[in-house]
Amino acid sequence: MQLKNDFNTVRKRSMHICAPLKTEDYVVQPVVDVSPPKWHLGHTTWFFETFLLKPHFPGYKEFDPNYNFVFNSYYETVGARVIRTDRGNLSRPAVEDVMRYREHVDKAMQALLDTPLSEEMKTLVVLGLNHEEQHQELLYTDIKFILGHNPLMPAYSDTAVDNYIAPATDKPFVDMEAGLYDIGYKGDGFCFDNELGRHTVYLQPYSIAAQLVTNGEYLAFMEAGGYTDFRHWHAEGWDWVKKNEVKAPLYWHHVDGKWQHYNWQGLQPVNENDPVCHISYYEATAYAAWKGFRLPTEFEWEAASAQFSWGQRWEWTESAYLPYPGFVKAPGAIGEYNGKFMVSQMVLRGGSEVTPPNHSRATYRNFFHPSLRWQFTGIRLAK
């Protein structure tokens with residue numbers, strides 16, 4: 001019964017996220033990293049149809065054989081798929097068709113969840129729910145990019161307000177002693193395979209900021225010429241700045257002599273007390289260098305995470321995304337979930353204002369390419 005309740009809760013939340021959208025918003029793909037909202041709704045549905053209903057529910061009637069091609073994301077094991085850059089060309093299936101697809105699969109899943117499930121099937125359902133929660137965060141980030149790059153900069157919702165208040169602290173940094181620390185997931189609950197392989201690391205003494213870098217602090221970096229001084233930047237980051245003419249965080253606009261940024265309510269004045277957001281790894285490291293600090297490694301972050309508040313921004317770390325000791329990819333399509341992306345990406349820790357409730361944890365390893373900043377990414381310093 002709990003699994004069925006969890007299924008219904010997660011599936012309804014995806015629809016709740018999309019409720020403020022107009023039909024036209026569902027089909028836009030401004031850049032390759034952003035998927036149209038209707039594709040997210042179809043892909044998360046495809047997951048349950050492909051990995052649970054078709055192989056495990058006798059008599060299930062596939063909604064449309066073409067949808068495996070349309071909504072498969074990157075699973076080579078499952079067959080051919082629409083390439084990522086072409087998702088915005090999918091005027092068909094229509095939004096109404098995708099909604100009928102969700103209803104069809106949800107109805108069949110209700111029946112499946114009323115039957116005795118093997119442990120393998122329960123594991124797949126839980127994975128599917130966590131997979132959809134990942135896409136719920138992507139829905140928020142992609143919707144913000146779509147609306148934030150619309151020339152009219154329309155509001156997503158007047159009620160989606162981030163009321164972040166930084167917790168009070170007497171010390172700007174948390175001091176950590178040198179020693180051995182256990183890293184990785186431990187417990188009986190759900191985790192992704194890239195969190196497994198709990199192991200011990202030795203850390204030198206270090207200090208990690210108790211608070212995230214704020215807009216006001218980052219603005220000081222900008223006003224000091226941070227985007228025009230190569231000395232703060234990695235060579236690759238400096239090339240990125242020049243090529244893309246980057247002068248501020250994503251969504252920031254200089255209007256009538258003042259900085260404003262696009263948020264859920266449209267174009268609004270920048271609140272200097274909020275944690276800076278939509279920052280690339282390149283920008284995070286440049287800011288840290290300008291301040292005379294650095295970013296924490298993912299191991300330093302995890303070892304100290306119980307001693308500071310986190311979850312408002314995904315926090316860039318100084319760690320490349322690599323497997324833990326003993327990491328083994330699962331057989332078949334499920335094994336493609338994380339392992340094959342362990343190259344040319346950096347680890348982020350924490351969570352964000354759009355991370356689904358109870359989805360993240362201290363061992364959660366997010367990962368993106370260094371140039372990407374459409375996610376709700378921020379900066380925590382270390383020394």
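Values reported hereafter were calculated over all heavy atoms of this structure, with side chains retained and with hydrogens, waters and symmetry mates removed. Sequence positions, counted from 1, serve as the residue numbers for this chain.
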Asker: Quick one: do Tyr364 and Tyr185 end up in the same hydrophobic cluster if we chain Ile, Leu, Val, Met, Phe, Trp and Tyr together by side-chain heavy atoms under 4.5 Å apart?
Answerer: no
Asker: Any salt bridge between Lys291 and Glu217, counting N to O under 4.0 Å?
Answerer: no
Asker: For the backbone of Lys383 and the side chain of Ser207, can you confirm whether one donor and one acceptor N or O come within less than 3.5 Å of each other?
Answerer: no
Asker: Could you check whether Lys247 and His254, counting side-chain N and O atoms only, form a donor-acceptor pair closer than 3.5 Å?
Answerer: no
Asker: Can you tell me how the ring of His131 sits relative to the ring of His43, calling it parallel under 30°, perpendicular over 60° and tilted otherwise?
Answerer: perpendicular
Asker: Salt bridge check: are Arg365 and Glu298 linked by an N-O gap of less than 4.0 Å?
Answerer: yes
Asker: Salt bridge check: are Lys329 and Asp193 linked by an N-O gap of less than 4.0 Å?
Answerer: no
Asker: Within this structure, what is the CG-CZ distance for the pair Leu53 and Phe63, rounded to the nearest 0.5 Å?
Answerer: 13.0 Å
Asker: Centroid separation under 6.0 Å, is that true for the rings of Tyr282 and Trp238?
Answerer: no
Asker: Give the cluster check for Phe71 versus Val28: same hydrophobic cluster or not, with ILVMFWY residues linked at side-chain heavy-atom distances below 4.5 Å.
Answerer: yes
Asker: When rounded to the nearest 0.5 angstrom, what distance separates CG in Leu139 from OG1 in Thr44?
Answerer: 7.5 Å
Asker: What I want to find out is whether Glu132 reaches Arg102 closely enough, with some N-O distance under 4.0 Å, to be called a salt bridge.
Answerer: yes
Asker: Is Asn244 reaching over with its side chain to a backbone N or O of Val246, donor-acceptor style, under 3.5 angstrom?
Answerer: no
Asker: Run Glu300 and Tyr181 through side-chain hydrogen bond (donor to acceptor under 3.5 Å, both in side chains) and show every step you take.
Answerer: CA-CA 9 Å; Glu300 290 173 332; Tyr181 295 89; over 6 Å; no
Asker: Is there a path from Trp310 to Val347 through hydrophobic residues (I, L, V, M, F, W, Y) whose side chains come within less than 4.5 Å of each other?
Answerer: no
Asker: For Tyr324 and Phe299, take the angle between the two ring planes, folded into 0 to 90°, and tell me which bin it lands in: parallel under 30, tilted 30 to 60, perpendicular over 60.
Answerer: tilted
Asker: Does the Arg84 side chain pair with the main chain of Val32, one donor and one acceptor, at a distance under 3.5 Å?
Answerer: yes
Asker: State, yes or no, whether a side-chain contact exists between Met109 and Arg11 at a heavy-atom distance under 4.5 Å.
Answerer: no
Asker: To the nearest 0.5 Å, tell me how far Ser352 OG sits from Gln312 CD.
Answerer: 8.0 Å
Asker: Any side-chain heavy-atom pair from Phe293 and Arg380 closer than 4.5 angstrom?
Answerer: no
Asker: Going from NE2 on His40 to CG on Leu138, what distance comes out if it is rounded to the nearest 0.5 angstrom?
Answerer: 5.0 Å
Asker: For Asp6 and Gln2, which I'm curious about, is there any donor-acceptor pair between the side chains at under 3.5 Å?
Answerer: yes
Asker: Could you tell me which non-hydrogen atom of Tyr26 sits nearest to which non-hydrogen atom of Pro36, and how far apart they are?
Answerer: O-CB, 3.3 Å
Asker: Side chains of Lys144 and His278: closer than 4.5 Å at any heavy-atom pair?
Answerer: yes
Asker: In terms of the angle between their ring planes, are Phe192 and Phe190 parallel, tilted or perpendicular, with boundaries placed at 30° and 60°?
Answerer: perpendicular
Asker: Taking all heavy atoms of Val174 and all of Gln307, pick out the closest pair and write down the distance.
Answerer: CG1-OE1, 3.4 Å
Asker: Nearest 0.5 Å, what's the CG-NE2 distance between Leu112 and His56?
Answerer: 8.5 Å
Asker: In sequence, state the C-alpha distance, the side-chain angles, and the governing distance for Asp142 and Gln29, and then conclude on side-chain hydrogen bond (donor to acceptor under 3.5 Å, both in side chains).
Answerer: CA-CA 9 Å; Asp142 290 359; Gln29 184 180 26; over 6 Å; no
Asker: Decide whether Leu203 and Phe173 are clustered together by the hydrophobic rule: side chain heavy atoms of Ile, Leu, Val, Met, Phe, Trp, Tyr closer than 4.5 Å, transitively.
Answerer: no
Asker: Taking Ile183 as the starting point, is it possible to reach Leu322 by hopping between hydrophobic residues whose side chains are less than 4.5 Å apart?
Answerer: no
Asker: Would a distance-only check, ignoring hydrogens and angles, find a side-chain to backbone donor-acceptor pair under 3.5 Å from Arg373 to Ser280?
Answerer: no
Asker: Would His369 and Phe341 count as a close aromatic pair, with their ring centres under 6.0 Å?
Answerer: no
Asker: How about Lys186: does its NZ atom have over 12 heavy atoms from other parts shown lying under 6.0 Å from it?
Answerer: no
Asker: Is the count of non-hydrogen atoms from other residues, nucleotides or ligands lying under 6.0 Å from Asn5 atom CG greater than 12?
Answerer: yes
Asker: Just checking, is any N or O donor in the side chain of Asn273 or Thr214 under 3.5 Å from an acceptor N or O on the other one?
Answerer: no
Asker: Can you find a pair of side-chain heavy atoms, one from Val70 and one from Pro93, that are under 4.5 Å apart?
Answerer: yes
Asker: For Glu133 and Val10, indicate whether the former's side chain and the latter's backbone hold a donor-acceptor pair under 3.5 Å.
Answerer: no
Asker: Using modelled atom types only, decide if a donor and an acceptor are shared between the side chain of Asp25 and the backbone of Lys22 within a distance under 3.5 Å.
Answerer: yes
Asker: Please name the pair of heavy atoms, one in Leu129 and one in Phe7, separated by the smallest distance, quoted to 0.1 Å.
Answerer: CD2-CA, 3.7 Å
Asker: Just so I know, are the side chains of Trp259 and Glu272 near enough to count as touching, which here means a heavy-atom distance under 4.5 Å?
Answerer: no
Asker: Hey, are the side chains of Ile146 and Pro30 touching, using non-hydrogen atoms and a 4.5 Å cut-off?
Answerer: yes
Asker: How are the rings of His135 and Trp39 set relative to one another: parallel (under 30°), tilted (30 to 60°) or perpendicular (over 60°)?
Answerer: tilted
Asker: Looking just at side-chain N and O atoms, do Glu315 and Trp301 make a donor-acceptor pair shorter than 3.5 Å?
Answerer: yes
Asker: Any salt bridge linking Glu103 with Arg100? Criterion: basic side-chain nitrogen under 4.0 Å from a carboxylate oxygen.
Answerer: no
Asker: Just checking, is any N or O donor in the side chain of Thr297 or Glu318 under 3.5 Å from an acceptor N or O on the other one?
Answerer: no
Asker: Classify the angle between the aromatic ring planes of Phe145 and His149 as parallel (below 30°), tilted (30 to 60°) or perpendicular (above 60°).
Answerer: parallel
Asker: Check the angle between the aromatic planes of Tyr287 and Phe221 and answer parallel, tilted or perpendicular using the 30° and 60° thresholds.
Answerer: perpendicular
Asker: May I ask you to decide if the ring planes of Trp374 and Phe368 are parallel, tilted or perpendicular, using 30° and 60° as cut-offs?
Answerer: perpendicular
Asker: Please name the pair of heavy atoms, one in Tyr156 and one in Ile17, separated by the smallest distance, quoted to 0.1 Å.
Answerer: OH-O, 2.5 Å
Asker: For the OH atom of Tyr321 and the CE atom of Met342, what is their distance to the nearest 0.5 Å?
Answerer: 3.5 Å
Asker: So which heavy atom on Val213 is nearest to which on Tyr218, and how close?
Answerer: CG1-N, 4.2 Å
Asker: Pairing donors with acceptors under 3.5 angstrom, does anything connect the side chains of Ser35 and Arg87?
Answerer: yes
Asker: Looking at side-chain heavy atoms only, is the closest gap between Trp240 and His234 below 4.5 Å?
Answerer: no
Asker: Considering the options Glu49, Lys38, Glu96, which one meets the side-chain hydrogen bond (donor to acceptor under 3.5 Å, both in side chains) requirement together with Tyr101?
Answerer: Glu49
Asker: For a quick test of reading the model, state the closest non-hydrogen atom pair linking Phe57 to Ala111 and the distance between them.
Answerer: CZ-CB, 3.7 Å
Asker: Taking Thr363 for the side chain and Gly184 for the main chain, is one N or O donor matched with an acceptor at less than 3.5 Å?
Answerer: no
Asker: Can you tell me how the ring of Tyr140 sits relative to the ring of Trp264, calling it parallel under 30°, perpendicular over 60° and tilted otherwise?
Answerer: perpendicular
Asker: Taking the inter-plane angle between the rings of Tyr251 and Tyr262 on a 0 to 90° scale, is it parallel (under 30°), tilted (30 to 60°) or perpendicular (over 60°)?
Answerer: tilted
Asker: Verify, without hydrogens or angle tests, whether Thr200 (side chain) and Leu180 (backbone) share a donor-acceptor contact under 3.5 angstrom.
Answerer: no
Asker: Could you check if a side-chain atom of Tyr60 sits within less than 4.5 angstrom of a side-chain atom of Leu52, using non-hydrogen atoms only?
Answerer: no
Asker: Quick check: does any side chain N or O of Arg294 sit under 3.5 Å from a backbone N or O of Ala288, one acting as donor and the other as acceptor?
Answerer: no
